[in-house]
2 protein chains.
Amino acid sequence: MLSSDADGLSSRGAAVEIADRPRREVTLADVARAAGVSKSTASKALRDKYGVGADTRTRVREVAEKLGFRPSAVARQLTAGRTGTVGILTNDLEGRFVIPILAGAEDALGAGELSVILCDARGDAIRERRHLRTLLERRIDGLIVVGGARTEPRPSLGRDLPLPVVYAYAPSADPEDVSVAADDRLGGLLAAEHLWSIGRRSIAYIGGDPTYDASRERAEGARAALAALGGELITAPMSAGSWTERWGRLATARLLDEQPGIDAFIAASDMLARAALDVLRDRRLRVPDDVAVMGFDNWPIIVTNTRPELTSVDLGLQELGRYAASRIFAALSGEEVAPGLDLRPVRVVVRDSTVRNDVAAD
Amino acid sequence: MLSSDADGLSSRGAAVEIADRPRREVTLADVARAAGVSKSTASKALRDKYGVGADTRTRVREVAEKLGFRPSAVARQLTAGRTGTVGILTNDLEGRFVIPILAGAEDALGAGELSVILCDARGDAIRERRHLRTLLERRIDGLIVVGGARTEPRPSLGRDLPLPVVYAYAPSADPEDVSVAADDRLGGLLAAEHLWSIGRRSIAYIGGDPTYDASRERAEGARAALAALGGELITAPMSAGSWTERWGRLATARLLDEQPGIDAFIAASDMLARAALDVLRDRRLRVPDDVAVMGFDNWPIIVTNTRPELTSVDLGLQELGRYAASRIFAALSGEEVAPGLDLRPVRVVVRDSTVRNDVAAD
DNA sequence: CTGTTAGCGCGTTCAA
DNA sequence: TTGAACGCGCTAACAG
């Protein structure tokens, strides 16, 4: 069922008036009347303001409690000028990258008493404008724009928005906007360093769709790290690359055939790494003994289900969401938030596919 | 960067007053003044109401446009009594089952001009109460409670909430509440019928964590279907079951060893099905020729990446979210929504792991 | 310490 | 066709 019925008030003055009204919320005036004080006194009493007698306060509170009074945030917002809401605008709600960011942001915002209004434009610019309009009319205090599948810069929503805006994951194309994103290049760099540190010297990269910046950045990072260490990154022509396991298997096989002696793979995603594991298994190559493998994303459901479990670069997306929220808070409290792209650190999570920790089961 | 600066208005009367105020939104009064009409006229003009001259209307609109007027939803809500918002309360935002439901609901609600306020209680009852309080104070028009990982009934939020509430995925324990969920039993039933229809007569079930209703319901459905067809479902003792691939491999191996002649597996999840595929592959059993395999969830990233691609039961979660939203709309428009659990249909998505469609690649 | 008054920004009577 | 006045629920400024 839906709407409930009246509450258990009664007693006191306005019995007749309230009794059986077709569903009205209990208002401050009701409380004040029932407590025999004025609205402003009731208001103060309920909010620990100075200037209210202790006895009055408790009486008002009891009455409010009994009546089931819920102060209307709407009314409060009208005078306060702030709504205590932050919009989160995304284009790919179903994508798995958006979720952790969203979760992190919601968590941080909620802890700061801000509610999240969620909008999914599903990649449609028209819908995006519509949602933006709605959000502005709702007088949100801040806005987080969460990029979808790709990390490429996205069009700015404009500089003249009357509120703090933070772009997360996919930065804004306008350098004057505030953007936060995961540092893919650093990820590649750390991955290569990790493999180097465990003695691998013949490290190959399995890229994803080469039109993705993320795939290229990760390769760049690895390449740079190895160059600094005196090594070199082995790559395959990636013109046909994609994010499918099918491609992962193909690329792995090709690399193994053409470049004998490979002792480690960096895959641009966990799915690709998993594909690599499958191929290595088929070829009776031991992981990590013969070949170490690591992926990107640290996607729990994948990395803990492969055999052996998969070392992976964690992009810290939840933390990214939290960080985006913190930028909003900063702006809201008057701080000057520096414009531009703020690249956030990532980290390598080591598992059995590069360093054996315990008995390999199965 | 954050708050922008003034807009390009100027001209007309109140130049001094507005000029450089510390960031005030353009209000209806501003528009009215600038257009030389009264507030009420401006209001009507902007909303196609009768009783406004055509020329007046266009003039007001031009002015509003130029001033960048955005009617405050907050103010409107105060008198309207409705806020045009729906709360979505979940306990497992990061879980992959919540997302499609959330996406479906957001889509349907957004199309109906309702905004979504998202709250994640992360399984904490205290936090849930707090969020609920906030939502009620924000005067949401409706509430959707989206269950997390498990499908078991959850505690009701109470019968006396002054708004329509719909529980999705995990129903409310109170039969007086409105609940919608995927029909797991039907899923098991359809799965078994599908396999039977392609000639399989020795069908085994790989369950997940046996403490999950979902795992048991699916088995029940399959068992019932086979019983009706004159068959019997082969199961393994599931006391040790879980949702990991590790368990999936174990269970598959055990079933194959103990029950020779199995020609089909129904796994309680796609991950488990994937594990089964791995074992079958290791044993050089052909899929689907020797053994057909199907999973549950129809999780895109998994089912399209296995070899062969995986037949799976789609729980229609996005549609479930949409349906939950529709229940809210119904209640909001005064319809009587029947209380109780409303089980929604699921469907089998056939792929190569049960019926070969095209050349097996790789 | 308490009560009265005046908005917040909009929509909606009801007169003019 | 237009405008003045009121109210939505609450808070903040002032009086008492």
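A, B, ... follow the sequence lines: proteins, then strands. Residue 1 opens every chain.
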- Task: Have a look at the helix from C:dC1-D:dG16 to C:dA16-D:dT1 and give the angle its two end axes make, five pairs each, rounded to 10 degrees.
- Result: 50°
- Can you tell if the side chain of B:Tyr167 reaches within under 4.5 Å of the side chain of B:Ser156, non-hydrogen atoms only? yes
- Whole angstrom value for the distance that separates C1' of D:dG7 from CD of B:Gln77: 16 Å
- With sequence neighbours excluded, tell me which residues meet side chain to side chain donor-acceptor pair (under 3.5 Å) with B:Ser40. B:Ser38
- Reckon B:Ser38 has a side-chain N or O less than 4.0 Å from the OP1 or OP2 of D:dG3? yes
- Query: Separation of A:Lys44 atom NZ from D:dA13 atom C1', in whole Å?
  - Reply: 9 Å
- Message: Checking A:Glu137 now: which residues fulfil salt bridge (Lys or Arg N to Asp or Glu O under 4.0 Å) with it, not counting sequence neighbours?
- Response: A:Arg133
- With A:Arg61, which residues qualify under side chain to side chain donor-acceptor pair (under 3.5 Å), at least two apart? A:Asp48
- Message: Is the phosphate of D:dT2 approached by B:Thr56 (side-chain N or O, under 4.0 Å from OP1 or OP2)?
- Response: yes
- Non-hydrogen side-chain atoms of B:Asp120 and B:Val98 separated by less than 4.5 Å: no
- Heavy-atom donor-acceptor pair, A:Ser40 side-chain to C:dT4 base, under 3.5 Å: yes
- Item | For B:Asp174, all residues meeting side chain to side chain donor-acceptor pair (under 3.5 Å), sequence neighbours excluded | B:Arg159
Would you list the protein and nucleotides 7-10 of chain C atom pairs, both N or O, that sit under 3.5 Å from each other?
residue : atom : partner : partner atom : Å
C:dG9   : N2   : B:Ala75 : O            : 3.4
C:dC10  : OP1  : B:Ser72 : N            : 3.3
C:dC10  : OP2  : B:Thr27 : OG1          : 2.5
C:dC10  : OP2  : B:Leu28 : N            : 2.3
C:dC10  : N4   : B:Lys39 : NZ           : 3.3

- What is the distance from CZ of B:Arg138 to C1' of D:dC10, rounded to the nearest Å? 15 Å
- Measure from CZ on B:Arg82 to P on C:dG11 and round the result to the nearest Å. 15 Å
- Message: Does any part of the side chain of A:Leu118, heavy atoms only, come nearer than 4.5 Å to the side chain of B:Ile88, both counted from C-beta?
- Response: no
- Item | Salt bridge B:Glu319-B:Arg322, side-chain N to carboxylate O under 4.0 Å | yes
